[in-house]
Amino acid sequence: MFPKLSIIIPFGTSEERNFIDKRVLWKINQFRKIDEVEVIFVEGFSSKENRALREEIKTAGFKYIKDKTQQIFSVGACRNLGVVNSTAPVFMFLDVDYYISNETLKRLLNLIQIKEIDKYPNRFICLPCAFLTEYGTKELIKLDANYWDAKVAYDLVSERKNIVKFLSITSSSIVMNRHKFLELGGNDLTYVGHGYEDFDFYFRLFNAACRMEIPPNNIEYDAKSWNFTEYKGFRALFSVPGYEACFYGLYLYHFWHPEPNNDGYLSTRKNNHNKFYNVIKSYKNQSDGPDPLILAENKTKKILAFVKENSKVYRALRGMRPYLGEFICANEEIFFDKNVFNTDRLVSYLRDNQISYVLFPNSYGNELRLTIYKYLKDQNIPFINFDRGALPDSWFFDVNGFNWDSSSYSRKNWDRELNSNEIDRVERYIHNLINSDNYLEDQNKREGGEKLRQKLGLRNKKIIFVPGQVAYDTVIKYFSDELSYYDFFETLNVISPSLRAENIVLVAKVHPLMKDFNKKNYNNIVWVPDNTNINDILECCDKVITINSGVGLYSLIYGKPCATIGHAFYENEGLAIHCKNANDILKFIRSNTLPDKEKVQRFIYYLVFEFYCFGKSYYSIITNNQNETRKIVNYIDFYRINFNGQCLLDGVSADLFRYKKDTLAFRPYIGNSKQKVLQKPDSSDNQSKSPNDYPQNESNRNVVTTNDAKSTRNKKLKKLLKHPYLYFRDYISKRIKSA
């Protein structure tokens, strides 16, 4: 059984901190019988090593990892090392002096499942932590562990303050999706020693994964502690998910311990503080942070990538790098002498650098790249082809070829009987696809197929839809057959009049990037308005004819017969048929064949759940010197990754997690007046901007003002404004009574 959660426990032993050994033993005994959890102990620098402790960890069946590179203890490095060696889709950090009760852990596991953190990489939980006094720690240890939660909760909500020194609304213990941590690069290891490495990570995480409807004032402000009431500064920002966890009844506590500055661990705090402030001022997107972390099993793998380092494509691949290995970037030209391919030089390069794969961003992208690709394929040298798939949010990393020339689409890979669960899964995907507003290209709002027929004056006609493509696209250039791009439209223009006598009309749409396409040259074809929604056309049409557009795959999903004039990856028995010339086209139009629904389901199931990767994608539009307009991907927020027959990330969405102003997590700040509320970004600009283009710093945002000053609250809520944690008195008290 695969674990649902990995708990990562960093530690380092020393003469001065001899309590660490004992607390490691506590955790060994506590987690020994916990199911569904993978426990990983990561030992950093230890000035006094305890080999017996290591053996105790291993004997108990837990993972033990030693970071031999540390010269001074780094909790951030230990955390990173734990995550790259973890196997669960979700993990949490648990410092050795933190404690989570078994009861709280069970509720946390339930919440992980309810919140679906394994399926939504941008969801997370920040756990609050009650820091105990020396007296409180001693008193708690005297009690049966079953009463510890109630004892700490009672001290918190009653304000007795006998055992709790303070409540940290958000601690370093975060519960989150492993993929997102890897993509963000984990903890920044340029923070040396103690302090602020967790704040730095939180700041990057919040920028990448969530949005606050109400951002705090003056993000650079530091309240110095967690005892504040004003919604101001980065601690206020980080506190919102901490309050959320409080409402779930989840919290940790920190056992007191002396704080000797052994090995200079505490001496760097001021430098770390200054570094973090610089991050707040300068951070814009993930590329400003550390490089992504590589999973342990891929750490020795090296990828020769034909991309420019720090380019848009390089950055877009960030989320895939943990699963491939370290990138070595190069230009194809270095393997050519005046356009003559030097195969010996390439082979030597691959051997000397121990390359596992050669990565192409579309191996047909230029002639040099294509020459290398054909050689590698002929010599059975491993390669990866990366490009956009035919479904919304889809991308592929194909080790067998590119598009139509790839064996990945052969029937042996997908034409198998689906069980009832798989049929239900693919039918749900198809239903959601048809009814969603997520498209491969920008589309206008839907009006419906019948409405479109009325607007076009084609109420009772048989409609053959012809989706436009980009004339200079790779699949047009290399995978067309007898008819070229413009010959194809000329052929349709010629046969169209004869079809009208049979009540058949050819209806076409220009591709959004073909701004200069001259429709007047093909007057016999009905051209829909450029902003017509593709789903409306597919809904009302009877058949589809295309060179090899991805819309052909959509037509199969809609149950509409499709013919390709070029070669497409989806042409196969029971799917799309291939036509070579005008006679073939006419034969197809007049035939009564339908796609095989069962085979279409099998093919879509394979693409979606076994072959394609999926990620919310953000683009920019560029026009080159040849006046060719292209979409260039800036960032891919992956939520499902399939590679070489393995599902490495099984998510369903990369939607950002949004904290709205009326949620309970904002309730502690309800009395703050004149808060600034974010305006939603213009939806027309969403495709060109990634989440990282909207930093949390409110100075970079458009804001409007609302006034909550006249809100009336009861005495308990007024008390909250003075001591926020007391807001949870009633909630936690009820839990104590029901325990």
Side-chain angles (χ1 to χ4, degrees), residues 75-76 93 95 97-99 126-137 152-153 155-174 191 193-203 205-206 212 214-247 250-259 261 265-277 279-280 665-672 675 696 717-729 732:
V75 68
F93 296 133
D95 288 358
D97 40 17
Y98 281 3
Y99 178 81
C126 295
L127 295 175
C129 182
F131 279 71
L132 307 182
T133 62
E134 181 178 7
Y135 167 78
T137 299
V152 173
D155 195 77
L156 270 175
V157 301
S158 66
E159 280 194 289
R160 294 174 66 87
K161 295 186 178 179
N162 289 332
I163 66 172
V164 177
K165 184 178 182 181
F166 66 91
L167 176 66
S168 176
I169 300 300
T170 294
S171 72
S172 60
S173 280
I174 190 166
Y191 287 86
H194 177 69
Y196 287 91
E197 76 286 331
D198 48 353
F199 285 159
D200 175 276
F201 176 75
Y202 277 153
F203 189 78
L205 173 64
F206 277 51
M212 300 289 172
I214 305 177
N217 298 319
N218 189 8
I219 192 68
E220 298 174 19
Y221 172 74
D222 186 357
K224 304 296 184 182
S225 75
W226 293 101
N227 186 23
F228 56 85
T229 59
E230 188 177 3
Y231 191 50
K232 176 182 178 182
F234 62 84
R235 287 180 187 264
L237 174 68
F238 301 156
S239 73
V240 174
Y243 279 119
E244 177 191 14
C246 286
F247 279 107
L250 302 173
Y251 60 93
L252 313 171
Y253 27 101
H254 173 279
F255 287 110
W256 179 90
H257 59 76
E259 296 184 357
N261 187 22
Y265 179 60
L266 301 177
S267 301
T268 58
R269 185 174 178 84
K270 184 176 180 180
N271 290 337
N272 288 347
H273 175 275
N274 293 335
K275 177 177 172 59
F276 174 62
Y277 268 77
V279 168
I280 292 178
F666 274 118
R667 194 66 62 83
Y669 304 111
I670 202 94
N672 281 256
Q675 287 294 342
Q696 293 288 347
L717 207 52
K718 288 180 179 179
K719 191 172 186 178
L720 166 65
L721 299 177
K722 184 177 181 181
H723 300 290
Y725 63 82
L726 293 183
Y727 184 84
F728 310 107
R729 175 195 300 271
I732 300 177

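Below, each value reflects all heavy atoms present in this structure, side chains not excepted, and no hydrogens, waters or symmetry copies.
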Tell me whether [X] contacts the main-chain N or O of [Y] through its side chain, where contact means a donor paired with an acceptor under 3.5 Å.
| X | Y | value |
| --- | --- | --- |
| Asn272 | Tyr191 | no |
| Thr170 | Pro128 | no |
| Ser171 | Leu127 | yes |
| Ser239 | Ile169 | no |

Any chance you could measure [X], atom [atom1], to [Y], atom [atom2], to the nearest 0.5 Å?
| X | Y | atom1 | atom2 | answer |
| --- | --- | --- | --- | --- |
| Glu244 | Cys126 | CD | SG | 8.5 Å |
| Ile280 | Asn218 | CD1 | CG | 9.5 Å |
| Ile163 | Phe131 | CD1 | CZ | 14.5 Å |
| Ser173 | His254 | OG | NE2 | 10.5 Å |

For this session: Would you check, one step at a time, whether the test side-chain contact (heavy atoms from CB on, under 4.5 Å) holds for Val152 with Tyr251?
Result: CA-CA 10 Å; Val152 173; Tyr251 60 93; 4.1 Å; yes
Problem set entry | Ile174 versus Phe201, closest heavy-atom pair with distance | CD1-CE2, 4.3 Å
Exercise. Looking only at heavy atoms, which two atoms of Phe206 and Leu237 are closest? And how far apart?
Worked result: CE2-O, 3.4 Å
Problem set entry | Residues in side-chain contact (heavy atoms from CB on, under 4.5 Å) contact with Asp95, at least two apart in sequence or another chain | Pro10, Val75, Arg79, Asp97, Tyr98, Ser172
For this session: Show the numbers, then the answer: is there a side-chain contact (heavy atoms from CB on, under 4.5 Å) between Phe228 and Tyr221?
Result: CA-CA 12 Å; Phe228 56 85; Tyr221 172 74; over 6 Å; no
For this session: With side-chain contact (heavy atoms from CB on, under 4.5 Å) as the test, would you mind laying out the steps for Tyr202 and Phe234 before giving the verdict?
Result: CA-CA 10 Å; Tyr202 277 153; Phe234 62 84; over 6 Å; no
Exercise. Step by step, would you call Tyr231 with Phe666 a ring-ring contact (aromatic ring centres under 6.0 Å, His included)?
Worked result: CA-CA 9 Å; Tyr231 191 50; Phe666 274 118; 5.7 Å; yes
Exercise. Can you name the residues that form a ring-ring contact (aromatic ring centres under 6.0 Å, His included) with Tyr277, not counting sequence neighbours?
Worked result: His273
Exercise. With under 30° as parallel and over 60° as perpendicular, where do the rings of Tyr196 and Phe276 fit, or are they tilted in between?
Worked result: tilted
Problem set entry | Aromatic plane relationship, Phe255 with Tyr253 - under 30° parallel, 30 to 60° tilted, over 60° perpendicular | perpendicular
Exercise. Do Ser168 and Arg235 have side chains that get closer than 4.5 Å, going by heavy atoms?
Worked result: no
For this session: Compute the centroid of each ring, for Phe238 and then for Phe199, and state whether the two points are separated by less than 6.0 Å.
Result: yes
For this session: Could you go through the side-chain contact (heavy atoms from CB on, under 4.5 Å) check for Asn227 and Phe166 one step at a time?
Result: CA-CA 8 Å; Asn227 186 23; Phe166 66 91; over 6 Å; no
For this session: Give a yes or no on whether Lys165 atom NZ has more than 12 heavy-atom contacts from other residues, nucleotides or ligands under 6.0 Å away.
Result: no
